[in-house]
Student: 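Sending over a structure as C-alpha cells; questions will come in a sec.
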Amino acid sequence: MNVSDERTASLWAPIKVAPDAVPLPHDDQVDVVVVGSGIAGLSVAYELALAGKKVAVIDRGQIGSGMTARTTAHLTSVCDDYFSELIALRGRELARHFHESQSAAIDRIEAIQEMEAIACDFRRVDGFLFPSSGVQEADLERELDAALQIGAAVERTTGLPFAGFSGAPALRYARQATFHPLKYLRGLAVGLRARGSVLYRDTVVEKVEETDGGVRVATASGFVVTGKWAVVATNSPINDRVALHTKQAPYRTYAMSFEIGRNVIPDGLYWDTEDPYHYVRLQPGDGETDFLVVGGEDHKTGAADDGDERFAALTSWTRRLVPDLGVETHRWSGQVMETIDYAGFIGRNPGNERVFVVTGDSGEGMTHGVVAALLIRDLILSGNSRWRELYEPSRKTPKAIGDYLVENATAIKNFVEYIAPGEIDSLDKLRPGEGAIVRVGLTKIAAFRDEDGTLYKRSASCTHIGCHVHWNSLERCWDCPCHGSQFAVDGTALNGPAVSPLADLQ
Ligand SMILES: Cc1cc2nc3c(=O)[nH]c(=O)nc-3n(C[C@H](O)[C@H](O)[C@H](O)COP(=O)(O)OP(=O)(O)OC[C@H]3O[C@@H](n4cnc5c(N)ncnc54)[C@H](O)[C@@H]3O)c2cc1C
Ligand code: FES
C-alpha cells in the first residue's frame, strides 16, 4: 500500500506504469538498488541501466503510484520560490546552477521520450509568471532582473489569455515543458526492463544499510537485496531519522482538472505571484476537448482539514480567469516537501558512501527527480557532478536559519498536543466515515469508524519519531504534520518517512 490507497485519484491515475511487476519473490543481487518508483526512482534507475548497471527498483505500492501520480507536471527551470530569493540565500553562482540543472532535466526528458519513442504528450511551451490580484509590478521587475543575472531566457510581456488580463504584466520564460507523467514513467519502465533491470511492487523496504563494500536493503517480507549502491527515492526519505527531515517541511497541495474546448487558451504554463501560488496548464484530451489542470491552495500538512473549501477556492479562482471552462473531471490532493533554502537534497546520504538520497522537491519534484538521475549517475560513475554543492544533502545554509527555526517549531508545538484533550470525548460520538483523536486515560487514539460500523483504533503517535498525527477527512488518512508521514485508517504507513504501521490499540 501507498498513497494510491488514499481517497482521491488524479487525471493521470488510469494509466498503469508497470501492472505486471511482481512483489520481490526471493533474495536478489544487483549493482544498484533503488527504493521508490516515482519520477526520481525510475529516472535514476534508467540512467544507471543505460550505463550498463543492473538495477532493481522496489516500491511499497504499485510502480509509479506515489506523489508522481498526483502531480500537475509543470516542467520548469524557474525557481518557484523566486530567483531573487535564491540568489539572496545561496549566491548567484549556485542560483545559476539551479537554472542550468533544471533546464538540463527538461532537456533530458525531451531526449529520452524521443529516444525511447514514449507517447507522453511532451510539449515545449512558454511559462508565464503573473500577478493575479493587484499589480505587483515591482516584484516582477526584481524577478526579471534576477532571472537575467543567472542566464534565464526571460522577457517582460503584457497580456494573458485570461478574462480581465489583456493588459496585465507578466514574465515569459521560454523553453519550459509539460507532459503526461504516468505515460512517461510507463515508457521509462519499458526502457529499464529492456536493459535487464527489474521492478518489484508491493514490497516494503524497512532498512537500507552500508556493508563492507556494498549495501543491504531489507524488506518487510524478509527478503534482502544486496548491491554496490543504493538510492533512496521515497519522496520523504525512509532511511534517515532526522538529518534531512529538520531541513524541510511537508505541505498539502490541491489540484483539479476541468474540460476545456480546444484553443480556448494557448498551450503554456501559467502561475501567479500569490502565496501560496496557483498554477494552470493544459493537457490534451482524445477528442475535441482538452483538460485544464489547476493546482494550489497549499497549507502546511495537518494545519487544516478543509479540502472542500480549498477546492471551492480553486474552482472560483479558475472560473474567474477562464469563464468558458467546462465541467470538473477530477479533484485530488498530494504533498510536497519544501526545503528551507529552495533546492532539493540530492547526493550521498549524510554519513554514507554508497547510499544516495533524493528529497525536498520544493514543489518542483518532477525536474528535481530528473536532476537526481543525472547527478547521482555522475557521482556513481565518475565521482563528481558540477551541481553537487547546490544539492548537497549535508549542507547547512546559515542565511536560512530563520526558516529552519520556524519549520522545526511545528514539531515542538506538535508534541504539546499529547497533553491536550481529544477532539471528541468518547468513541461513541464517532459517526460512520469519520476519524478523530480521542483521549482514553493517558493514551491518544487515532480512531476511525467505517460505513459498516467497524471501529479502527490506532495509536496517534507517528512511527517515525513520535509526533501526533492529524485526521485528513478528504483523503481518509492520518497525516503527520512534522515530516510528512501518512497512514491508512488501519495504521499502514502510506508515505515516508514512516515505514511501520501505527500501533494497533484494538
Ligand atoms: C498536487 C501536486 C502538484 C504538483 N505539481 C508539480 C509540478 O507542476 N511540477 C513539479 O515539478 N512538481 C510538482 N509536484 C511535485 C512532484 O509531483 C513530486 O515532487 C514528485 O512527483 C515526487 O517524485 P518522487 O519520485 O520523489 O516521489 P514519489 O512519486 O512519491 O515516489 C516515491 C515512491 O516511494 C515509495 N515508497 C515510500 N516508502 C517506501 C518504502 N518503505 N519501501 C518501498 N517503497 C517506498 C512510494 O510508494 C512511492 O511510489 C506536485 C505535487 C503534487 C502533490
Ligand atoms: S513524520 Fe516524523 S514524526 Fe511523523
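Each ligand, and each atom within it, is numbered from 1 in the order the structure gives.
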Student: Which one holds for Val205 and ligand 1: side chain close, backbone close, both close, or neither close, with close meaning a heavy atom under 4.0 Å?
Tutor: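 Both of them.
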Student: Does Gln335 approach ligand 1 within less than 4.0 angstrom via side chain, backbone, both or neither, non-hydrogen atoms only?
Tutor: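 Under 4.0 Å from ligand 1, Gln335 contributes backbone atoms alone.
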Student: Provide the atom name of the closest N, O or S atom of His483 relative to atom 2 (Fe) of ligand 2.
Tutor: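 This residue's closest N, O or S atom turns out to be ND1.
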Student: Report, in ascending order of atom number, the atoms of ligand 1 lying under 4.0 Å from any heavy atom of His74.
Tutor: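 The atoms of ligand 1 under 4.0 Å from a heavy atom of His74 are 7 (C), 8 (O), 9 (N), 10 (C), 11 (O).
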Student: With rounding to the nearest 0.5 Å, note down the distance linking CG in Leu494 to CD in Glu6.
Tutor: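 Leu494 CG to Glu6 CD: 5.5 Å, rounded to 0.5 Å.
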Student: Does Asp305 reach the main-chain N or O of Ser473 with its side chain, forming a donor-acceptor pair under 3.5 Å?
Tutor: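 Yes, Asp305 side chain to Ser473 backbone: donor-acceptor pair under 3.5 Å.
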Student: Looking only at protein heavy atoms, which one is nearest to atom 21 (O) of ligand 1, and how far off is it?
Tutor: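 Atom 21 (O) of ligand 1 sits closest to the protein heavy atom Thr68 OG1, 2.9 Å.
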Student: Considering only non-hydrogen protein atoms, determine which one is nearest to atom 19 (O) of ligand 1 and report residue, atom name and distance to 0.1 Å.
Tutor: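 Going by distance alone, atom 19 (O) of ligand 1 is nearest to Asp361 OD2, 2.9 Å.
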Student: Strictly under 4.0 Å, does any heavy atom of Ser37 approach an atom of ligand 1?
Tutor: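 Distance cut 4.0 Å: Ser37 passes for ligand 1.
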Student: Any idea which protein heavy atom is nearest atom 45 (C) of ligand 1, and the distance to it?
Tutor: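 That would be Arg60 CG, 3.6 Å.
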Student: Heavy atoms only, cut-off 4.0 Å: how does Ser333 contact ligand 1, side chain, backbone, both, or neither?
Tutor: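 Within the 4.0 Å criterion, Ser333 makes no contact with ligand 1.
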Student: Counting heavy atoms only, name the option from Ala105, Gly38, Ala69, Gly363 that's nearest to atom 31 (O) of ligand 1.
Tutor: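 Considering heavy atoms of Ala105, Gly38, Ala69, Gly363, the nearest to atom 31 (O) of ligand 1 sits in Gly38.
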Student: Does one side chain, of Gln486 or Gln335, offer a donor that lies under 3.5 Å from an acceptor on the other?
Tutor: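 Per modelled atom types, Gln486 and Gln335 side chains form a pair under 3.5 Å.
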Student: Give a yes/no verdict on whether any heavy atom in Pro497 is under 4.0 Å from an atom of ligand 2.
Tutor: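 So Pro497 counts as touching ligand 2.
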Student: If the threshold is 4.0 Å, N to carboxylate O, is there a salt bridge linking Arg60 and Asp202?
Tutor: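 The answer is no: the pair does not qualify as a salt bridge.
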Student: Counting N and O atoms only, with roles assigned by atom type, does the side chain of Ser197 sit under 3.5 Å from a partner on the main chain of Val55, one being a donor and the other an acceptor?
Tutor: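 Answer holds: yes.
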Student: If you take all heavy atoms of Ala255 and Thr72, which pair is closest and at what distance?
Tutor: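 Of all heavy-atom pairs spanning Ala255 and Thr72, the closest is CB-CG2, 3.9 Å.
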Student: Taking both backbone and side-chain atoms into account, decide whether His245 has an N/O/S atom under 2.8 Å from atom 2 (Fe) of ligand 2.
Tutor: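 No - counting backbone and side chain alike, His245 has no N, O or S atom under 2.8 Å.
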Student: Considering only heavy atoms of Val35, which atoms of ligand 1 have at least one such atom less than 4.0 Å away?
Tutor: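 Listed by number with element: 42 (N), 43 (C).
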Student: Quick test of your reading of the model: are Asp107 and Arg124 salt-bridged, counting only N-O distances below 4.0 Å?
Tutor: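 So Asp107 pairs with Arg124 through a salt bridge.
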Student: Ignoring hydrogens and geometry, is there a side-chain-to-backbone donor-acceptor pair from Gln248 to Glu338 under 3.5 Å?
Tutor: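 Here the side-chain-to-backbone pair does not exist.
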Student: Using a 3.5 Å cut-off on N or O atoms only, is Gly365 in polar contact with ligand 1?
Tutor: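 By distance alone, the answer is yes.
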Student: Counting only N and O atoms by type, is there a donor-acceptor contact under 3.5 Å from the side chain of Gln176 to the main-chain atoms of Ala174?
Tutor: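 Looks like yes, one N/O pair under 3.5 Å.
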Student: Any donor-acceptor pair under 3.5 Å linking the side chain of Trp332 with the backbone of Arg70?
Tutor: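 Looks like yes, one N/O pair under 3.5 Å.
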Student: Between His245 (side chain) and Pro237 (backbone), is there a donor-acceptor pair under 3.5 Å?
Tutor: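 A pair under 3.5 Å: yes.
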Student: Nearest protein heavy atom to atom 52 (C) of ligand 1, by residue and atom, and its distance?
Tutor: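 The closest heavy atom on the protein side is Arg70 O, 3.5 Å.
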Student: Is it the side chain, the backbone, both or neither of Tyr279 that has a heavy atom closer than 4.0 Å to ligand 1?
Tutor: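 For Tyr279, only side-chain atoms sit under 4.0 Å from ligand 1.
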Student: For this output row, return yes or no: ring centroids of His299 and Tyr254 closer than 6.0 angstrom.
Tutor: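 Yes.
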Student: Could you list the atoms of ligand 1 found under 4.0 angstrom from a heavy atom of Ile238?
Tutor: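 Going through ligand 1 atom by atom, the ones under 4.0 Å from Ile238 are 38 (N), 41 (N).
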Student: If I consider every N, O or S atom in His464, which one ends up closest to atom 2 (Fe) of ligand 2? I only need its name.
Tutor: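 Atom 2 (Fe) of ligand 2 is closest to the His464 atom ND1, counting only N, O or S.
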Student: Show which atoms of ligand 1 fall inside a sub-4.0 Å distance from at least one heavy-atom site of Ala40.
Tutor: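 So the atoms of ligand 1 that pass are 25 (O), 26 (O).
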Student: For ligand 1, find out whether one of its N or O atoms is nearer than 3.5 Å to an N or O atom of Val499.
Tutor: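 No: no nitrogen or oxygen of Val499 is under 3.5 Å from one in ligand 1.
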Student: Could you tell me if Ser459 and Ser461 have a donor-acceptor pair between their side chains, going purely by distance under 3.5 Å?
Tutor: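 The answer is no; no qualifying pair exists.
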Student: Report the part of Val336 in contact with ligand 1, treating N, CA, C, O as backbone and CB onward as side chain, heavy atoms under 4.0 Å; options are side chain, backbone, both, neither.
Tutor: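 Answer for Val336: side chain.
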Student: Kindly identify the option in Asn495, Asn235, Leu42 whose heavy atom sits closest to atom 22 (C) of ligand 1.
Tutor: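 It is Asn235 that holds the nearest heavy atom.
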Student: To 10 degrees, how wide is the angle SG (Cys462) to atom 4 (Fe) of ligand 2 to SG (Cys480)?
Tutor: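 Rounded to 10°, it measures 110°.
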Student: Looking only at distances, please establish whether an N/O atom of ligand 1 is found under 3.5 Å from an N/O atom of Asp59.
Tutor: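 For ligand 1, there is an N or O atom that lies under 3.5 Å from one belonging to Asp59.
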Student: Which of the atoms of ligand 1 are close to Ala73, meaning less than 4.0 Å from one of its heavy atoms?
Tutor: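 Near Ala73, meaning under 4.0 Å from one of its heavy atoms, ligand 1 has 7 (C), 8 (O).
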Student: Considering non-hydrogen atoms of the protein only, which is the closest contact for atom 6 (C) of ligand 1, and what is the distance?
Tutor: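 Result: Thr71 OG1, 3.2 Å.
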Student: Tell me if the SG of Cys482 lies under 2.5 Å from the SG of Cys467.
Tutor: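 Yes, disulfide present: SG-SG under 2.5 Å.
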Student: Answer yes or no: is there a donor N or O on one side and an acceptor on the other, between the side chain of Asp267 and the main chain of Val125, under 3.5 Å?
Tutor: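 Absent.
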Student: What atoms of ligand 2 come closer than 4.0 angstrom to any heavy atom of Cys467?
Tutor: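 Counting from 1, the qualifying ligand atoms are 3 (S).
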Student: Hey, are Ser65 and Asn2 close enough side-chain-wise for a donor-acceptor pair under 3.5 Å?
Tutor: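 Looking only at side-chain atoms, Ser65 and Asn2 do form a donor-acceptor pair, the distance falling under 3.5 Å.
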Student: Can you find an N/O atom of Gly334 closer than 3.5 Å to an N/O atom of ligand 1?
Tutor: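 The answer is no, given that Gly334 and ligand 1 share no N or O pair closer than 3.5 Å.
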Student: Between Gly66, Ser500, Ser10, Ala233, which one has a non-hydrogen atom sitting closest to atom 32 (C) of ligand 1?
Tutor: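 Heavy atom nearest to atom 32 (C) of ligand 1 belongs to Ala233.
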Student: In ligand 2, which numbered atoms sit nearer than 4.0 Å to a non-hydrogen atom of Ser485?
Tutor: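 Going through ligand 2 atom by atom, the ones under 4.0 Å from Ser485 are 1 (S).
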